[in-house]
Amino acid sequence: MRYFIKIAISFIIVLVFGLAHAQQNTGLRYIESENVASLNPYENNSLRMVNIRFHEFIFESLFRYDYNREEFLPVLAMDYSVIDGYTYDVKLKENVFWHDGERLTADDVVFTFNYAKNESNLRSLSMFFNNTISEVNKINDYTVRFSFFNPNLGENLMSLTYWILPEHLLSDGPAARREFARRPIGTGPFEFRQITIQGTGRLVRNDRYHGKVPNINDVRMDVLPDFDTATLRMRDGQSDLLVNTPISRVEEFERTHRLEPFQSYNVHAIGINFENPLLHNRNLRRALVYGFDRRRSLNQWFDGRGSVLAGPFTSSSPNYNPSLQLMEYDVDRAKELLRRAGFTTDRQGRTLDHDGNPIKLNLLVKQQLVSGMSNVIQDFIEQMKAIGIDVNAQFEISERYERRLYFEKDFDLALMEWVINPVYDISHLFISDNIYPGGHNIMSYKNSQIDELFEEYRNTDATRRLRRSQIMYDIQNILATDVPCIFLFNFDQYAVFSNRFSYTLIDPFAFFTFVNEWEVLDYYE
Amino acid sequence: MIIHLNFRFVLGCILLLILIGMNVVAFFFSSDIIKNGTPARPPSLYLFQKALYHQPIEEEAVEDLFSFSVPDEAEPHAEDLIFNRNPKRTATVGTEYRYVPTSQYLRNRASFWVEEGPRGMKYEDGAFIWTPDSTQTGIFDISLAAQMEDSETIRGIRFKLFSDEIPFYFGTDERGNSVLGLMIAGAKWSILPGLIAVLIAVFGGLFLGAYAGYNKNFLSNFIDGTTLVLESIPALLLFFLAAVIFSFNIYIVMVAVGLVLLPVNINIIRSTVKHFVDCQFVESSKEIGFTDNQILFRDIIWYNCKPIIISQIANCFAFAIMVEVTLSYLQFGIQVPEVSWGNILLQGKSDIHKGEFWLVFFPCLMIIMSLLSFYLTGSGLSRLLDPRKN
Amino acid sequence: MSTILEINNLYLGFNNSQSYIPAIRGIKVTLKKGEKVGVIGESGSGKSQTFLSTLGLLENNPGVTAGEIIFDQVNILENIPKYKKANSGIPEKANKKWIRSYTNRAKRLRGKNISIIFQDAKSSLIPYKKIIDQAWDTWKKHNIANNYEFQNTATSLLADMGINDNGKILDSYPNQLSGGEAQRAYIMLALLGNPEVLIADEPTSSLDPYSSRKIIDLLVKIVDQKGLSLIFISHRLDQILSSVNKIYVFLNGLVIEELEVSDINDISPLHPYTIFLFKMANGNYFRKLRNDICASSIEHIERNNYGCPYSNVCELKKDLDNDLQSKCNDTLPKQRLIAPGQKVACWAYEK
Amino acid sequence: MITMSKNKTNILLYLLLKNASVFFISLFIICLLLALVPDTAIPGDVSYFERVKDYLTIAYLFSYDYSVAGTFLISELILHGSKLTFTLIFLSLLIVLTIALPAGILVASEKNTNFQKLFTVTVSLLSPIPILIWASLLMLLVFVFGNMVPLYIDFEDGDLRTRMFVLLIPVAAIVLGDGILLDFYNKIRDETRKVMNEPWLIAVKARGLPIYNHVLRALLLPIFITLSSKITYLISGIIIVEYIFAWQGLGFMIWRSLETPGAKDYPLILGSVKVLLFTVFLFSFIRDILTYKLNPQLMK
């Protein structure tokens, strides 16, 4: 009996003094919210951001597209020469080695593109390669000849910005592929060490890296599904980097950590379903915009970190029309617009439509929201009630949300979020021939003028830059006045670093591209 | 034994009455329970606020009068700290806000003044006093300064002061809704949905269990088989499917809860009925001429199983509340515009490290209270009616 | 013939926080080596409780409040805490430490020195173990665990019991045996620890007359053969009269009469209650019964907790003078030696 | 349900058959339910019955190879997950028994002392509180006082002290939550009281033999009965604790693969569900055997 008492007391002591001090070094420990799906970049659902970020450590591509200077910079390749519009010759760097010591040769490049075209089960990627690249063949050990289907320089070079895989490891059958998926070998700045079932990934510095050898000596990725526990760990100092921080929670780290901003291309909007005849009325749509105080919500819930949108583009994208004026919050204007649209209001202040019953709109929302948006929705519902429109929120899990949005079109308003792709093409959202079940034009918005302008934009050559931006300006003006959807916010994006990291440049679409240039102070503050 | 029993039953009834009261209030005055005030205001009881920031506000040395920069050198050592008490952070319109900065001895030898504060706040005979009028509501950044006679360094502290018309005793959430109002509004999910689960689980359990226990034919074996199968399916999977397929309709989820609880009740009723069927008094009443149903329901169920049924009803209600709170916590139960304890708990969990504990503390308190109320009344009542005990 | 077990003025009582209810109020019992003692009394008069307390099986319900139990010159109830007035009815917190020491001392006697045979043998055998395993456990506890010797003693004991095909009995489960067999098996178990005192607590009440007569003869034979001393508790006088040499009569926690039984027919009990018991047994057999003071019928005796328990219906009391009558009603009668080998606790025989 | 049949093997076969049929029928029902889960990755034209059919093939033919993620074999994932989940389950059951067993026996042997009243009141007041509330309160306490977050990540590379600390908090949440402790305690106390008053036990005591082995033997069956009835609540409790403390066990895997949008990992879900159902099967099978073996009337 006495023996048990001793055990119990030792338990209690442990409980009270259970402080955990992980040992500090110059390593980078960052937190993700979900497990890395697959270590082979050409396997299914590898296009999630979590995988892309993890693959950036290990693999490298021939070229890299720089969004600020809008040009392709060489990584594994030295340069490219255009023989005629359809074939390019790419010269590889000489002294590049794989992590297991093999030398990078043209065979690897040829094998990678053939593998991606026919054997990869990532349908979207292999379809893209088969449409753009006709064939790839090797000239000599360090030059590869690519022949393409159409002469569009931008698109062709874009297809060369995908990871290169080692041919000597993957060429002999599926068993080798399975082994590669467990221990990937690349040419990147960091070597893969180990990934546990729990999701903790470990990488070690590649000292023979052909570019600048990184200062960080090892990288550790932890997976924490719950964001609150992630914040607690950051405050404890057990982690250094929080990659995707919800914008409403950034202020908690303001005084204790370093916030590294990077351009953000996410657009939040409330889509309007044009199949509902009531919403055809332009004054009603404009009243919705005027009736919702977007600036107050942005300041209150997101600390003002972002900008209210007047059009589909974010201020940092090149074709942004600065002369667009924002429809500021103005309740009387909204009510006046409703009156002009022919809606009457009853005693309780509810607006009645033409045949006399109060307007009821249902707002389709995805279930697990970015933490601040649920407050925005509640604000929206309250302020719509103020101008007499009764909005009720319907929450759905992401599968049913997408089915009701894309296929059944069973919604009046829908909270949507889209990311403008690197080539700033938003035509697929507003072109009328995208209005089929599953098409991207969710609002089923038909405007012939917009269609013509987008068509003209596609045909003008990339060099006539002034003409293209003028077309974009006209499109934005029309969209701003025609209100296909209520454009809400574009939030700034921050990565939260601990103070040990002094210089940390981030590429918005490929987070860890410049990880080898990051500087770490090697003492623990 | 009698005294002990009453204590449990009485306590349970009190808690149950409070819960039903909250439900009635939520039902009738549903619009104006939730009062609005300054967002994230701490509960106005000073005791709570002390627990809120368990270490007092840091005191900073001030270079010049106007800028309050945070000094780099180490913490000011304790003996020359002046403001060594935790200020009250909430004020109500009309009532006087009072903050006594330090002990009597220091107060005589130091001069205090309000560096930056709302109109009408002044330092008078040892305390900072301010009575906010009706226009002064919202969050004020207060910075107070003090200087000892013998030293020329000025010490100052800064904190936020929340002033409202109503003293929010339970504080407010990030949208400014009063937590007390949220608790009352959230109470409507505790009894109404539970009713459905009780109807299915208890009455289903009663009839099926009695039938399965009483006679031995194919149907009773079938019932035994289904209870075994239903018992082994993980409950949360069933709730997840019910919530997802019917787009988070809490009443359909309660039907799933009823199904999960059905096997437990069937087993209990069946074992008691089987136990009594072997007794002599069943054969004797058969000879007298009672019909089977009469024996089963009047003799066996009504006299012996009454306490069991009541404790089943109580457990069923408690389990229904638990399921509703858990699902809302995992964002699969009640969605945002509606108010539920699970949502507030989830919202509160993210502010714990900032010290704002009241969004976790009060929902937990309410959940514990409602569960205890059902549980205690159930077990108290079943003890009261138990023929064997007294 | 030295006295092996002696219980004098033992007080037992139910002592919970509200009240103190006396169960045994001062009992004096002596048992000599090799002697066979009969104990008679109505059920609930505390006869089995006194002898269970010698082995500490009562678990303080009722608890021992005063008195001494001496077995082989060792007093089990030594330094018993002083209880103000054992019969006063004032509750007192039970002294836990002393109770533990008392039960430990009593534990040492169990099985080795004193063993008990209970009423219903079938329910006092372990239902899920074979008889041989149960016997082996008891044997292993009290003697050197040697299988060969165990087999011999077990079979010889059973043979004494009059069972010859003992193979069947030993390896069967209790619920497969008949009443008589179970009782014999249980007696064998009780004797395995070769105790000195055997307490038989109504062993025959659940058996038919024929097998109970056989059981009693067996018991007497074994006791004489092994030289044990026997305490035979029963509420049927006729069964035990022939095989016992001393009889105690219990009533409501008191020994009201103690008489030696050397020769059956010249027994002359003095207390009306014992006279009635003897008449009920087989009245005509005893010549010296004084019918005049024998009670007519005893359906219901009101308990008189303070005076003589029999005082409410006593015939002797009618012709006593009133101060003796008041004594009868409120003070406990003392046991007094009237004739050689005969004591009675009754105020009528005061002079 | 246990009919009196002649020889022993016949009984064992009957019990095995009964529990195995329960296992397979509930697996079948789960496949039916899984086919109802909306999943965009599945093309629209696949009908409900086809989905049920291929889930059944996955479940019954034990045919799985790589998880959707591709990095690990399903068997590795399930092995790791069950290792975690069963450490939680068995450790919490162990602690529940080490608390309930002595307390039940102690309380049963002494007539209502104040220790018994105190213990009964505290346990019955603590137990209706669900695991979710216990977990969040413990998390709050540990963070405020220990300034540390007990997550599974520290478990792997922490030293013994952090390991015990990280393990202890979730287990404490399970032990205290959902009325598990109360049920065991009540059952054990009632059973010991019943056994203590058995006449044969007093006879054993009278022969000077120890009684604790008989008491424990009599308690074995009721413990298993409560265990097999509480196991389903324990599983849904485990899912919540794993979600909050980031233990990647079976429950968490089921929940996360059902919750994340995109292609759902059905082999993983069915694999983990099978393991959980197998534990339920095991517990009820042992319970049936014990009911048959320990029950004296059925002794042949």
Side-chain angles (χ1 to χ4, degrees), chain B residues 1 4 7-8 11 51 54 221 224-226 228-242 244-245 260 263-264 267 314-315 318-319 321-323 325-326 329-332 342 345-346 348-349 352-353 355 357 360-361 363-365 367-368 370-376 378-379, chain D residues 1 18-19 21-23 25-30 33-34 36-38 112 117 120-121 124-125 127-134 136-137 139-140 143-145 149 177-179 182 228-229 231-233 235-240 243-244 251 254-255 258-259 269 273 276-277 279-281 283-284:
Chain B
M1 201 52 193
H4 174 69
F7 158 75
R8 175 181 287 237
L11 180 62
H54 28 76
N221 288 349
D224 298 343
T226 41
L228 280 176
V229 165
L230 266 180
E231 230 177 14
S232 62
I233 292 179
L236 214 53
L237 185 63
L238 221 56
F239 303 148
F240 171 81
L241 287 175
V244 157
I245 292 162
V260 164
V264 178
N267 283 344
N315 293 346
F319 190 75
I321 294 176
M322 218 157 52
V323 163
V325 164
T326 321
Y329 181 82
L330 300 171
Q331 294 182 350
F332 276 88
L345 192 60
L346 181 66
K349 193 164 89 68
I352 288 180
H353 59 274
F357 67 95
V360 170
F361 177 74
C364 282
L365 200 68
I367 293 165
I368 291 171
S370 55
L371 287 176
L372 271 190
S373 68
F374 280 115
Y375 182 73
L376 287 180
S379 65
Chain D
M1 282 296 287
K18 185 182 78 134
N19 284 300
S21 61
V22 165
F23 175 81
I25 293 171
S26 38
L27 197 57
F28 179 76
I29 289 179
I30 285 181
L33 292 176
L34 260 184
L36 288 170
V37 172
N112 46 38
K117 280 205 187 68
T120 335
V121 167
S124 58
L125 284 183
S127 64
I129 302 167
I131 285 186
L132 167 74
I133 302 294
W134 274 119
S136 35
L137 282 182
M139 178 78 98
L140 172 68
F143 178 74
V144 166
F145 295 110
V149 184
D178 264 352
L182 181 70
S228 63
S229 75
I231 195 72
T232 32
Y233 295 136
I235 287 172
S236 46
I238 288 280
I239 290 179
I240 296 164
Y243 176 82
I244 291 175
I254 293 177
W255 184 258
L258 278 176
E259 194 189 27
I269 298 173
V273 160
L276 293 179
L277 285 184
T279 46
V280 173
F281 161 81
F283 278 123
S284 51

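Scope of the values below: all heavy atoms of this structure, side chains included, with no hydrogens, waters or symmetry mates. Just so it is clear, the structure is predicted and the values come from calculations on it, not from any experiment. Chain identifiers are assigned alphabetically (A, B, ...) following the order of the sequence lines, protein sequences preceding nucleic acid strands; residue numbering begins at 1 within each chain.
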Problem set entry | Residues B:Leu345, D:Leu132; criterion side chain to side chain contact (heavy atoms under 4.5 Å, CB included); working and verdict | CA-CA 10 Å; B:Leu345 192 60; D:Leu132 167 74; 4.2 Å; yes
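- At least one side-chain heavy atom of D:Val22 sits less than 4.5 Å from a side-chain heavy atom of B:Ser232.
- Proximity to chain D (any heavy atom under 4.5 Å) is shown, for B:Ile233, by both the backbone and the side chain.
- With a threshold of 4.5 angstrom between heavy atoms, D:Tyr233 approaches chain B through side-chain atoms but not through N, CA, C or O.
- Residue B:Leu376 touches chain D through its side chain alone, counting heavy-atom pairs closer than 4.5 Å.
- For B:Phe319, the part lying under 4.5 angstrom from a heavy atom of chain D is the side chain only.
- For B:Val264, the part sitting under 4.5 Å from any heavy atom of chain D is the side chain, from C-beta outward, and nothing else.
- Only the side chain of D:Ile29 comes within less than 4.5 Å of a heavy atom of chain B; its backbone N, CA, C and O stay farther away.
- Only the side chain of D:Leu277 comes within contact range of chain B, with at least one heavy atom under 4.5 Å from a heavy atom of that chain.
- Only the side chain of B:Val244 comes within contact range of chain D, judged by heavy atoms closer than 4.5 Å.
- Counting heavy-atom pairs closer than 4.5 Å to chain B, the top-ranked of the candidates D:Ile239, D:Val273, D:Asn19, D:Leu125 is D:Leu125.
- Across B:Leu230, B:Asn267, B:Ile368, the residue that shares the most heavy-atom pairs under 4.5 angstrom with chain D is B:Ile368.
- At a 4.5 Å heavy-atom cutoff, D:Ile231 makes no contact with chain B through either its backbone or its side chain.
- By number of non-hydrogen pairs under 4.5 angstrom with chain B, the leading residue of D:Ser21, D:Ser136, D:Ser124 is D:Ser124.
- Contacts between D:Ile238 and chain B at a heavy-atom distance below 4.5 Å are absent for every atom of the residue.
- Here the CZ-OG1 distance, from B:Arg8 to D:Thr120, works out to 8.0 Å after rounding to the nearest 0.5 Å.
- Between D:Ile131 atom CD1 and B:Thr326 atom OG1 the span is 9.5 Å, to the nearest 0.5 Å.
- Only the side chain of D:Tyr243 comes within contact range of chain B, with heavy atoms under 4.5 Å apart.
- If you measure heavy-atom distances from D:Ile235 to chain B, the contacts under 4.5 Å come from the side chain alone.
- No other option in D:Val37, D:Val280, D:Ile133 has as many heavy-atom pairs under 4.5 Å with chain B as D:Ile133.
- Looking at B:Leu238, only its side chain comes within 4.5 Å of chain D, counting heavy atoms on both sides.
- The parts of D:Leu258 that come within reach of chain B are both its backbone and its side chain, each placing non-hydrogen atoms under 4.5 angstrom from that chain.
- Under the 30°/60° scheme for interplanar angles, the aromatic rings of B:Phe332 and D:Trp255 are found to stand perpendicular.
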